[in-house]
Amino acid sequence: MSHPTSTLPKGMSHPLRMFRRRQFLVVTVCFALIFFSGLASLMTGEVYFSASQVATAFLQPSDSLSTFLVIELRLPRFLIALFVGATLGMAGNIVQSITRNPLGSPDLMGVSAGASFAIVVCMAWSTLPPLALLSVGTIGGFSAGFVTFLIAWKTRLDPLHLTLSGMCISLFFNAAIVVVLITAKADANGIYFWLTGSLMDRTWQHAVLLIPFAFIGLLLGVVFSKPLNLLMLEDITCESLGFPVHVWRVTLGFIAVVLTAATVSVAGPISFVGLIAPHITRLTLHNKRHIQCVDHRQSLPISALIGAALVCVADTLAKLHNVPVGILCVLVGGPLFVYLIKKKVE
């Protein structure tokens, strides 16, 4: 039986092999970054542990200090960083596709601002426990996303109107956050710190809330990735093919809302990852001479991997300097993005 590449037109098998090698290289680099940043995250902190001590904490758990710090404090933070990056990377790719906006991000749906507003109100005027606070944030994000789709529904979810609706909702909630911070009697320093995106003091309680939402959302994103390729076409073209544009735009938008709402509730609005991860995916996989676009069945999982690698590396550096991970994501991802753009232009 012949290899699938043998059926391609002459001259196309080589570009396809090059694309697959590039895809393999990107995935390998991402897994390597996640592994080594995760190991460094488990080793470093106020108390340093060697790699052998970390391994002993997993293989032979005991009542020692190393086991407690590694398993109870550092491991949940690493897992949260992993899933936060993956969910934001995939959510950003979905939002950019359904809105056909290369500058789209989870912020564009109003979800990040809605979840942030709900949590800021609770932090300023109540003393809810962490689990209740995270639940309120998730509900706030879902509510903001629902209002965004409701406003754009009269225009049959036109990508432009969907984008404008999301921007209006985001601006409204961001302004409301400022009002709350000005009028709140509580100390706003902690709230400002959270609004920059932070994974400090995250425990298994936060991980248990995030991971189920993230796992389900990531799985649904991979399963429903194929319709995103058709949504990149004009609505008239899709409808002429019998493709239910509005049904899939709502479905995929809901997946993006699920991914974003739970993430923001746990880690704060780390929006830059959702913007940059899909672009890094396209820039690293796109071959201008041979391959005109990247299949979403490939780009969605890779966007999740790149987002996960970016947040894991940024959070490891953030631990060393005791700064919010959201700032490090910009400092790490920004120069990388500029370098890739410059390389493509050259």
Side-chain angles (χ1 to χ4, degrees), residues 25-46 48-49 51 54-55 57-58 69-93 105-106 196-204 206-211 213-215 217-218 221 259-260 262-281 284 300-337 339-340:
L25 178 62
V26 171
V27 172
T28 303
V29 170
C30 286
F31 275 117
L33 287 174
I34 291 171
F35 174 78
F36 287 110
S37 63
L39 180 61
S41 179
L42 296 176
M43 293 170 59
T44 57
E46 294 184 1
Y48 174 81
F49 296 116
V54 172
F58 282 99
L69 291 179
V70 171
I71 303 298
E72 298 298 328
L73 297 182
R74 297 179 183 179
L75 180 58
R77 176 168 177 167
F78 166 68
L79 291 177
I80 290 173
L82 179 68
F83 279 96
V84 163
T87 54
L88 289 178
M90 181 174 287
N93 197 323
S105 70
T196 59
S198 175
L199 297 180
M200 292 185 65
D201 301 324
R202 296 302 183 264
T203 64
W204 283 110
H206 300 85
V208 167
L209 178 69
L210 171 64
I211 292 177
F213 280 100
F215 182 79
L218 291 170
L259 292 170
T260 307
T263 298
V264 174
S265 299
V266 171
I270 311 177
S271 56
F272 185 73
V273 177
L275 172 64
I276 193 176
H279 284 287
I280 294 178
T281 301
T284 52
L300 281 184
I302 294 178
S303 292
L305 267 178
I306 290 176
L310 178 60
V311 175
C312 287
V313 171
D315 185 54
T316 301
L317 297 176
K319 286 180 63 178
L320 298 176
H321 300 283
N322 199 27
V323 295
V325 66
I327 296 176
L328 265 297
C329 284
V330 178
L331 295 179
V332 173
L336 175 61
F337 190 43
Y339 167 76
L340 290 173

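Computation of the quantities below employed the complete heavy-atom set of this structure, encompassing side-chain atoms and omitting hydrogens, waters and symmetry-equivalent molecules.
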How about Leu42 and Phe58: do any of their side-chain heavy atoms sit closer than 4.5 Å?
yes
Does the side chain of Leu82 reach to within under 4.5 Å of the side chain of Val311, using non-hydrogen atoms?
no
For Phe215, I'd like to know if atom CZ has over 12 heavy atoms of other residues, nucleotides or ligands within 6.0 Å.
no
Shortest non-hydrogen contact from Pro278 toward Gly89:
CG-O, 3.8 Å
Tell me the closest heavy-atom pair linking Gly92 and Pro106, and the distance in Å.
CA-CD, 3.8 Å
The criterion is side-chain hydrogen bond (donor to acceptor under 3.5 Å, both in side chains); which residues satisfy it with Ser303, sequence neighbours excluded?
Asn93, Thr281
Taking only residues at least two apart or on different chains, which pairs with a member in residues 79-88 satisfy side chain to side chain donor-acceptor pair (under 3.5 Å)?
Thr87-Thr263
Check whether any side-chain N or O of Trp204 sits under 3.5 Å from a backbone N or O of Ile71 as a donor-acceptor pair, and report yes or no.
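Indeed, once roles are kept as given, a pair shorter than 3.5 Å links the two residues.
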Can you tell me if Arg202 uses its side chain to pair, donor with acceptor, with the backbone of Val266 under 3.5 Å?
yes
To the nearest 0.5 Å, what is the distance between [atom1] ([X]) and [atom2] ([Y])?
X      : Y      : atom1 : atom2 : result
Leu79  : Arg74  : CG    : CZ    : 14.5 Å
Phe83  : Ile211 : CZ    : CD1   : 5.0 Å
Leu305 : Thr28  : CG    : OG1   : 10.0 Å
Ile276 : Ile280 : CD1   : CD1   : 4.0 Å
Ile80  : Leu75  : CD1   : CG    : 9.5 Å
Leu259 : Leu88  : CG    : CG    : 8.5 Å

Donor-acceptor pairs under 3.5 angstrom involving side-chain atoms of residues 315-330: please list them, not counting sequence neighbours.
unit_1: Asp315; atom_1: OD1; unit_2: Arg77; atom_2: NE; d: 3.1
unit_1: Asp315; atom_1: OD1; unit_2: Arg77; atom_2: NH2; d: 2.8
unit_1: Asp315; atom_1: OD2; unit_2: Arg77; atom_2: NE; d: 3.1
unit_1: Thr316; atom_1: OG1; unit_2: Ser37; atom_2: O; d: 3.0
unit_1: Thr316; atom_1: OG1; unit_2: Cys312; atom_2: O; d: 2.9
unit_1: Lys319; atom_1: NZ; unit_2: Ser41; atom_2: O; d: 2.6
unit_1: Lys319; atom_1: NZ; unit_2: Thr44; atom_2: O; d: 3.1

Would you tabulate the side-chain donor-acceptor contacts of residues 29-36 under 3.5 Å, counting partners in other chains and residues two or more places apart, or write 'none'?
none

Pairing residues for His206 by the ring-ring contact (aromatic ring centres under 6.0 Å, His included) criterion, not counting sequence neighbours:
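Result, ring-ring contact (aromatic ring centres under 6.0 Å, His included) vs His206: none returned.
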So salt bridge (Lys or Arg N to Asp or Glu O under 4.0 Å) across residues 29-39, not counting sequence neighbours, yields none
Using the side chain to side chain contact (heavy atoms under 4.5 Å, CB included) rule, take Thr203 and Glu72 through it: C-alpha gap first, then chi angles, then the decisive distance, then the call.
CA-CA 7 Å; Thr203 64; Glu72 298 298 328; over 6 Å; no
